[in-house]
Amino acid sequence: MHLIPNNIIKGFVFIFIISLFSCLSMFEEQQNTANLLPSDTELYTWKLVKSKTINDQQSITMLVPSFYQHYNVIELVTGKYESINDPAISLTVTIARTSNADDAYGLFTRERALLNDTFEIDTVTAYSKNKSIAYIDNIIIIVQTNDIDFIKTQKTTISIILDKVRSNQQLPDVMNPVTKLINESNIVIYNEGIPELPDIKHIIVGNKTIDSSEISCFYKKYFSSLDAGNSFNSLIKNDSSLMIVESSKVKIAFKKYGDSYCYVAHSNEWIFGCKDIKDYATGKKVIAVIYRELVAQ
């Protein structure tokens with residue numbers, strides 16, 4: 001029996017490692033954001049005429065709405081397509097990649113809230129006549145067309161991109177505490193805080209039906225009751241327009257904002273409340289409803 005020389009064994013090991021890294025590189029390349037743009041063969045009757053990838057934060061900030069700065073966008077990819085049948089009809093695909101899934105979903109909710117004439121909407125996709133959006137992992141997808149007859153193309157484009165992302169789609173961690181409290185399809189996550197309470201960052205806002213009325217409610221869950229209490233106390237200290245109306249097991253304060261009122265409360269790990277309230281009795285009732293739901297969780 002002949003022994004295999006060490007240098008031959010080392011050679012095989014070297015070749016194996018090189019092959020392994022090559023496979024990993026190919027996998028990473030397939031996952032590059034720019035590669036998610038549909039090719040001409042994937043998007044029938046459309047051709048990609050221009051694409052751009054931007055990783056510079058300052059450049060990204062100049063190209064997107066101002067609220068994007070609060071969602072840690074680290075990469076922006078755009079692709080412009082023209083209809084083969086009519087070059088005057090265009091389709092623009094934008095893919096924004098954030099540093100984490102919570103920020104991507106938050107950005108998705110902000111974009112979803114801006115859609116007009118939305119006719120199909122759920123927790124991770126929303127379609128309107130000229131603009132459709134989707135969320136998956138740490139990216140959001142925005143598809144826009146200058147012709148309202150191409151909603152099917154918007155859906156197809158989003159479907160192609162979603163299929164390219166290797167993921168078991170799940171809502172991000174930020175949504176876990178509120179999925180039983182509010183309709184996921186209409187929530188908006190304000191990382192910078194809402195105008196009424198700018199000190200409370202990463203706050204979830206959504207409409208809730210109470211006594212046949214749509215009420216705008218908000219929620220923020222902290223790691224502990226102590227963290228929530230400190231945040232609430234700091235809020236009261238920093239905002240002189242807030243007035244305490246109750247300070248027992250549920251601390252409640254309210255303020256006038258414009259032509260309406262905002263109510264904010266603290267209990268256990270939660271800061272919660274409602275805004276755009278017209279009278280005192282309604283505000284107290286909404287706080288009581290939310291509190292009961294939180295206790296029942």
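The first residue of the sequence shown is numbered 1, and numbering continues consecutively from there.
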Task: Verdict with reasoning, Tyr68 to Ile60, per side-chain contact (heavy atoms from CB on, under 4.5 Å) - done: CA-CA 9 Å; Tyr68 271 61; Ile60 291 174; 5.6 Å; no
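- Side-chain atoms of Lys201 come within 3.5 Å of backbone atoms of Glu192 as a donor-acceptor pair (strictly under, hydrogens ignored).
- Proximity of Thr53 to Thr33: side-chain heavy atoms (C-beta onward) are nowhere separated by under 4.5 Å.
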- [ ] Determine, stepwise, if the pair Thr145 / Thr153 fulfils side-chain contact (heavy atoms from CB on, under 4.5 Å).
- [x] CA-CA 9 Å; Thr145 178; Thr153 301; over 6 Å; no
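- Asn100 places no side-chain N or O within donor-acceptor distance of the main-chain N or O of Asn138, the cut-off being under 3.5 Å.
- Judged by distance alone, the side chain of Asp279 and the main-chain N or O of Thr282 form a donor-acceptor pair under 3.5 Å.
- A donor-acceptor pair shorter than 3.5 Å can be found between the side chains of Asn72 and Asp103.
- Taking a 6.0 Å sphere around CG of Asp259, one finds it holds 12 or fewer heavy atoms contributed by other residues, nucleotides or ligands.
- None of Phe254, Tyr291, Tyr257, Phe218 except one satisfies the ring-ring contact (aromatic ring centres under 6.0 Å, His included) rule with Tyr263; the exception is Phe254.
- The distance from the CD1 atom of Ile89 to the CH2 atom of Trp46 is 6.0 Å, given to the nearest 0.5 Å.
- Annotation for Ser185 and Arg112: closest pair O-CZ, 3.3 Å, computed over non-hydrogen atoms.
- Residues Glu111 and Lys131 have side chains in contact (heavy-atom distance under 4.5 Å, counting atoms from C-beta outward).
- The shortest side-chain heavy-atom distance between Ile187 and Met175 falls under the 4.5 Å cut-off.
- Within 6.0 Å of the NZ atom in Lys256, the count of heavy atoms belonging to other residues, nucleotides or ligands exceeds 12.
- Annotation: side chain of Ser51 is in contact with side chain of Leu37 (closest heavy-atom distance under 4.5 Å).
- The shortest distance between side-chain heavy atoms of Tyr222 and Ser231 falls below 4.5 Å.
- Within a 6.0 Å radius of NZ in Lys80, other residues, nucleotides and ligands contribute 12 heavy atoms or fewer.
- Of the candidates Leu171, Ile204, Asn183, Ile189, Ile204 is the only one forming a side-chain contact (heavy atoms from CB on, under 4.5 Å) with Val178.
- Between the side chain of Asp211 and the backbone N or O of Ser213, no donor-acceptor pair lies under 3.5 Å.
- Both Val245 and Ile290 are assigned to one and the same hydrophobic cluster, defined by single-linkage of ILVMFWY side chains at heavy-atom distances under 4.5 Å.
- Put simply, the side chain of Ser234 never gets that close to the backbone of Asn230: no donor and acceptor are under 3.5 Å apart.
- Judged by distance alone, the side chain of Asn146 and the main-chain N or O of Ser90 form a donor-acceptor pair under 3.5 Å.
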- [ ] Take Val93 and Ile161 through the test side-chain contact (heavy atoms from CB on, under 4.5 Å) and record every step on the way to the result.
- [x] CA-CA 10 Å; Val93 179; Ile161 298 173; 3.7 Å; yes
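- No more than 12 heavy-atom neighbours from other residues, nucleotides or ligands sit within 6.0 angstrom of NZ on Lys285.
- Under the 4.5 Å side-chain heavy-atom criterion for Ile, Leu, Val, Met, Phe, Trp and Tyr, Leu36 and Val49 are members of distinct hydrophobic clusters.
- Both Val174 and Tyr219 belong to a common hydrophobic cluster when Ile, Leu, Val, Met, Phe, Trp and Tyr are linked at side-chain heavy-atom distances under 4.5 angstrom.
- Across all non-hydrogen atoms, the minimal contact from Ile271 to Ala228 is CD1-O, 3.6 Å.
- Among all heavy-atom pairs drawn from Ala126 and Ile121, the shortest one is CB-CG1, 3.9 Å.
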TODO: Tell me, with the steps shown, if Lys255 and Val264 meet side-chain contact (heavy atoms from CB on, under 4.5 Å).
DONE: CA-CA 9 Å; Lys255 66 186 290 187; Val264 58; over 6 Å; no
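- In this structure the side chain of Ile160 never reaches within 4.5 angstrom of the side chain of Thr157, judged on heavy atoms.
- The side-chain heavy atoms of Leu294 and Asn268, taken from C-beta on, include no pair separated by under 4.5 Å.
- The minimum heavy-atom distance linking Asp137 with Ala104 is given by the pair O-CB, 3.7 Å.
- With hydrogens and angles disregarded, no donor-acceptor distance shorter than 3.5 Å links the side chain of Asn191 to the backbone of Gln69.
- Among all heavy-atom pairs drawn from Asp40 and Leu48, the shortest one is OD1-N, 2.7 Å.
- Side-chain contact, Arg110 with Tyr71: a donor N or O sits under 3.5 Å from an acceptor N or O.
- Not one N or O on the side chain of Glu184 forms a donor-acceptor pair closer than 3.5 Å with the backbone of Val124.
- Heavy-atom contacts from other residues, nucleotides or ligands closer than 6.0 Å to NZ of Lys52 number 12 or fewer.
- Nearest approach of Leu181 to Trp270, heavy atoms of both residues: CD1-CH2, 3.9 Å.
- A donor-acceptor pair shorter than 3.5 Å cannot be found between the side chains of Asn85 and Ser83.
- A continuous path of hydrophobic side-chain contacts links Leu91 to Tyr127 [ILVMFWY only; heavy atoms under 4.5 Å].
- The side-chain heavy atoms of Thr209 and Glu214, taken from C-beta on, include a pair separated by under 4.5 Å.
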